[in-house]
Amino acid sequence: MSSISPIGKGALAFLTIAALGALSGFGVNYFGPIYLTTHKPVQPIAYSHKLHAGDNKIPCQYCHTFARRSEMAGVPSTQKCMNCHEFLGANKPEAQKLNDYYDNDKPIEWKRVFDLPDHVWFNHKRHIRKGVKCQKCHGPIETMEVVYRSNDFKMGFCLSCHQENGAPTDCWTCHT
Amino acid sequence: MKSFNYKKQNDYKWAMTIDLDRCNGCGACVVACQAENNIATVGEKQAELGRKMHWLRIERYIEGTYPDVKVRFLPMMCQHCDYAPCESVCPVWATYQNPEGLNVQVYNRCIGTRFCGNNCPYSVRYFNWYDSNFEGPESNQLNPDVSLREKGIMEKCTMCMQRIRRGKDTAKDEGRDVEDGEIQPACAQTCPTNAITFGNINDHESKVHELVHSGRMIRLFEDKGTHPSVMYLKGGVADVI
Amino acid sequence: MSSENIKRSHAATAGAGSHGDVMALPELETYRDPETMPARSGYDDADIFLSEKEFNDHTLRPLFTTTPAYFIFVLGLGIVMANGLGWFTYQLFVGLGQTGMHEPLFWGAYIATFVFWVGLSHSGTIVSSILRLTQANWRRPILRAAEAMTAFSLMVAGLFPLIHVGRAWRVYYMFPLPNQRMLWPNFKSPLMWDFCAIGIYMTGSITFLYIGLLPDLAVARDRAIASNNWRRHYLKVLALGWRGSHREWSVYNKCSLFLAVIILCIAPSVHTIVSWDFAMTMTPGWHTTIFGPYFVVGAIYSGIAAVITLMIVLRWIFNLDNVIRTLHIDCLAKLLVTIALIWTYFYFCEFNVVWYSHKPEEWAIFEWQGERFSLFLWIMIGGSVLNIFLMSWRRVRRSMVAMFFITLLVNCGMYIERYLIVVPVLTHRDNAYMWTDYFPSITEFSVILGSFAYFAFLYAIFIKLFPIVTMADVKEGVLISGDMRLGRHAVRLQVKE
C-alpha cells in the first residue's frame, strides 16, 4: 500500500465513506427495515395453516368469514373451531388446549402477524369482492406451518398493485 | 372561471353550503366536528395562546355600538378551494387536490414546514404543537376511522372523508351512485337549524346544486381567486329550503 | 503603523519556519514613508515591507500559536451552543409548542434567523467574486475570511429548516431519491427550490473556499512538517501535493476565475429564491415583486457589514494591522455606503407603494408594524440612514472603533428587517378574526443564540486549522505592483491581471 500517495489514500477513504453512506441511505430508503418481513410470533396454539388450508383445502373464508363483509378479516371464534374439533382430532394436545379455552369461555389471544400502521385504512371487503386472492398480500399462507409476515407491507407494495390494476391512487383512498 | 363540471373526470364533486341567515352560532357543529375527527383538546393554557385546534370554528363579528348591536356568525372551516394556495407550496405533496374536488391533507406525509398554513388566506389549517393526549374515558370515544395525529403535522377539515368513503363503499356494494343526502358530515348532521347542506354538485338534482344557484351564494375572499367548494348563502329570505 | 508590534512578533516566531516556503523572492523594500507621504485613494497607507518569510511567519502565527484565552473563548461558545442544543432537543421530543408560535403565525423567529444567516452568506460571494472579477487590488487579504464566512453562515442557515419543521425526523421526504413509496417531492414548491438552491450554493461556496485555500495550505503544510506539528496529518492530504509549479498556478488561476463567475451567478439566485418563499405566497405584505432584488441587496448589505466587523475583530485579536489595513476597511466601507443607499431606496419603494395606494390589507401590516415594532423600525431605518451619513466621512471610515459599531448596528438593523418581514405579516393576515400577536419563547431565544455561538465556534476552529489570511493573493498583489520613482514622486505601477 505504500505506493499510494497521501492524496490517494485520502481520496480513497473519502470515496469509500461517501459510497457506503450513499448506498446504505439508498438501501434503507428503498427496501425499508427488513426485519418486518420475518415477523413470526409464537402463537398460543400451534395452529397450522398448512394442515388446514393446504392439505385439507378448507377455504379461507370458511373461518375468516368477515373478510367479504367488512374491513376486517377477523379471526374465527372458538365456537367455530369447535364445530370440527369437538370430534376431529379431539385428543391431540393442541386441540386439548383449544378445548380448555372453549370450556373456560376464554378467547384465544392470537398474536397479530399482519398489522398496518394507524394511518392506513385497509378494507378487506373491497379487495375480496374485486377478486383479489388472499395470497396476493398474505403470501403462500397454505404452505405455512407457522404464519409469518411474508411481505413488508410498505406503501410501495400497495401502490404497485393499485397502479397495475387501475385501482384508485388518491392518497385519501387509504389515508385519513 | 372553472365551472362546476367535474363530470368528465369523476362522478362526484363535493360541495357544501352554509346558510348564514339560518346560523344562530350555537356551536353544535364545532362539538360534532371535534368528536367525529378525534380533534385534540389542547387545554386551557394552550387555547389561551391561540392553539385551539377546532377544524370548524364560529367567527363572531359584532356590528354597531351598544344599543344597536348585531352579531354575525360565520362558521369557518377549510374551504376546499379548487385553486388552493396551500397545495402548490407543500414541498412533499402532503396536500393536493383530489379528483372529487376536495383539498387533501395526508398526515403521514406531512413534515411540518407549515408553509401551507402561511399561504391559506382563511387561516383554517391547524398545527399539532404537541402530541394529542387522550386519556382514560376520552380514548373510548375516539373514532376508529380517523387516525390520530402526531405532533408536528398540519391538519384541517376533511369534509369527513371517512363518511364519504363509507358512503361510497355502501353504494358500490349495492351497485349504484351515492344518493343525495346519503352522506352527511358531522357538522351538517348536527346543525339544529339545517344551515349546513352537503352534497354532490355534479348531480344537478341535488339540494346543494339548487342552493348554490339560488342567487344567494357568496364565497369568502372571492378576490383571492381560490374558488372554494364551501359556499355561503346570505341576504335572502330565511325560508328558502 | 504599528511596526513595533510586527517586529516583536517576528522575534517571537522567527524560528518557526525555516523549511521551504513556496515562492522564494527577494525582500521587497518600501519606497515611501507613510508618515510624510499621505496615502491617496488606490495607495496603501503602509506597503508591505516584510520579506516573504516574515510575512508567512506573521500571517501563520494565529494558526500555530494558541493562547489560553482561545480555549476559554471556545469553551464559552461551547456552553452557549450546548444550551441551544439542549433546548432544541427538548423541543424535538416534546413538540414545537415550546416555541411562541401559534395559528395563524406558523413562521416565527426561526425563519427570520434562517433568512438572516443566508443573507450573511452573501458576503464572501460579493467580496470574492465581484472584486476578483473587477480586479480590485485591495480585495486580497480579506478573501479567505469572507469566503469562510459564507461557508459557515450557510452551514448555520442549513440547520434552521431542520430546527423549524414539525417532524425533523421525516425531512428525508424532501430528498428527491427513488424510494419504495413511489413518491417524489413537489418541485412546484418554493421550499423545494430553496432546498436545492441552498444545497448548490453550499457546495459551490465550499469548493470556492477550498480551491482558494490550496497554495496557502501548501505553505502551512511545509511549516507543519518542519516543526512536526500535528496539523501536518490533514494538511498533507488537503494540500493535494501542491508544489507551486507553473502549471499548478496556471490551473489554479483559471479555476478560481471560473468558480468566481459561477458563484456570482448562483449567489443572487439563491437569495432571490429565499425571497420567493415569501413573495410566491398570496399573503398580503409578502406578495410583492420587489422582494427578489430587495432581499439580494439586503443580503449583500448585511454580508459586507459582517465582513467589516469580522475583519476588525480579527485584526484586533491577531494583531494583523499590517495585513488588513485601514485601506481595506475604508474600501469596504465605501462599498457598504453604496449598498446601503440601494437598500434604503428599495425599502422606500416597498413602503411608498403601499402607503400611497393604501390597500387596506397591506397597509394594515405597516400600521401594525408602526404600532407594535416602532422601536425596531427606527433602529432599522434610522440606523441605516445615519450610517450612510456617518460613513460619508473619511475619518469615520478609517476609524476602527466607529466602523465596528456602525457595522454591528447595520446587522442589528438587518436582523430586525428579517423579523419585521416574517412576523407582522403573519400576525395580521387576511382573516381579521385571527389577528394575533407573537413573542418568541425562551426556547427560540436559546436556539438562536446557540446558532450565533455555533457560527463563532466554526470560525474559531477554522482559524486554528487553516490559514486565515489569503497569503498567496497578497503576495501576488505585491508581485504585480510596485512604485516607480519619477523625479521626486513615487508613482504606483500595477500589472493588470
Side-chain angles (χ1 to χ4, degrees), chain B residues 42 45-54 57-61 74 76 83 85-96 106-132 149-154 220-221 223-226, chain C residues 91-108 111 161 164-175 181 183-195 277-278 280-284 286-287 361 422 425-426 429-438 441:
Chain B
V42 293
K45 211 180 137 205
Q46 296 296 316
E48 209 173 83
L49 278 168
R51 291 175 180 162
K52 301 180 288 288
M53 312 255 319
H54 304 149
R57 62 170 187 259
I58 294 185
E59 296 183 353
R60 281 188 297 177
Y61 294 99
L74 182 71
M76 178 70 105
Y83 297 138
C86 55
E87 285 164 0
S88 52
V89 296
C90 176
V92 292
W93 286 120
T95 179
Y96 69 97
V106 188
Y107 306 129
N108 44 307
R109 180 68 178 165
C110 178
I111 59 172
T113 62
R114 312 199 279 293
F115 204 166
C116 51
N118 276 347
N119 208 12
C120 175
Y122 307 96
S123 303
V124 286
R125 289 180 153 265
Y126 299 93
F127 187 70
N128 283 274
W129 301 100
Y130 291 111
D131 264 329
S132 54
R149 276 81 63 180
E150 197 183 11
K151 64 172 179 288
I153 59 181
M154 298 294 293
L220 295 182
F221 301 155
D223 61 319
K224 297 274 175 194
T226 50
Chain C
Q91 174 203 296
L92 194 66
F93 280 100
V94 173
L96 271 163
Q98 288 303 309
T99 63
M101 289 180 266
H102 52 262
E103 283 86 13
L105 181 130
F106 289 108
W107 289 0
I111 290 295
H164 158 85
V165 298
R167 299 203 297 174
W169 53 95
R170 290 275 185 238
V171 157
Y172 66 89
Y173 282 174
M174 277 178 81
F175 300 159
R181 294 178 295 279
L183 291 175
W184 286 89
N186 178 8
F187 286 106
K188 285 195 288 183
S189 164
L191 276 191
M192 212 49 222
W193 312 337
D194 205 8
F195 181 75
D277 282 353
F278 305 99
M280 286 283 177
T281 66
M282 57 196 297
T283 313
W286 282 357
H287 186 63
E361 68 264 35
V422 176
V425 169
L426 288 181
R429 297 285 303 280
D430 317 60
N431 190 345
Y433 183 78
M434 294 293 273
W435 282 6
T436 90
D437 198 359
Y438 161 76
S441 72

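Each chain gets a letter, A, B and so on, in the order the sequences are listed, and its residues count up from 1.
Between L183(C) and W93(B) there is no side-chain heavy-atom pair separated by less than 4.5 Å.
The candidate from R429(C), M434(C), R170(C), M192(C) with the greatest count of non-hydrogen atom pairs under 4.5 Å with chain B is R429(C). Of the listed residues (Q98(C), M280(C), M282(C), K188(C)), the greatest number of heavy-atom pairs within a distance under 4.5 Å of chain B belongs to M282(C). Top candidate by heavy-atom pairs under 4.5 Å with chain C, chosen from T113(B), N118(B), L49(B), N119(B), is N118(B). In terms of heavy-atom pairs under 4.5 Å with chain C, the best-connected choice from Q46(B), K224(B), R109(B) is R109(B). By number of non-hydrogen pairs under 4.5 angstrom with chain B, the leading residue of T436(C), T283(C), T281(C), D194(C) is T281(C). With respect to chain B, the highest number of heavy-atom pairs below 4.5 Å among S189(C), A168(C), G95(C) belongs to S189(C).
Only the side chain of F221(B) comes within contact range of chain C, with at least one heavy atom under 4.5 Å from a heavy atom of that chain. If you measure heavy-atom distances from E150(B) to chain C, the contacts under 4.5 Å come from the side chain alone. For a residue to count as touching a neighbouring chain, one of its non-hydrogen atoms must lie under 4.5 Å from one of that chain's; by this rule I111(B) touches chain C with backbone and side chain alike. Heavy atoms closer than 4.5 Å to chain C are found in the backbone of K52(B), but not in its side chain. For a residue to count as touching a neighbouring chain, one of its non-hydrogen atoms must lie under 4.5 Å from one of that chain's; by this rule M154(B) touches chain C with the side chain only.
R167(C) contributes a side-chain N or O that, together with a main-chain N or O of N108(B), makes up a donor-acceptor pair within less than 3.5 Å. Proximity of a side-chain donor or acceptor of N431(C) to a complementary backbone N or O of Y122(B) within less than 3.5 Å is detected.
The aromatic rings of F278(C) and W107(C) lie perpendicular to each other, with more than 60° between the two planes, well past the 30° mark.
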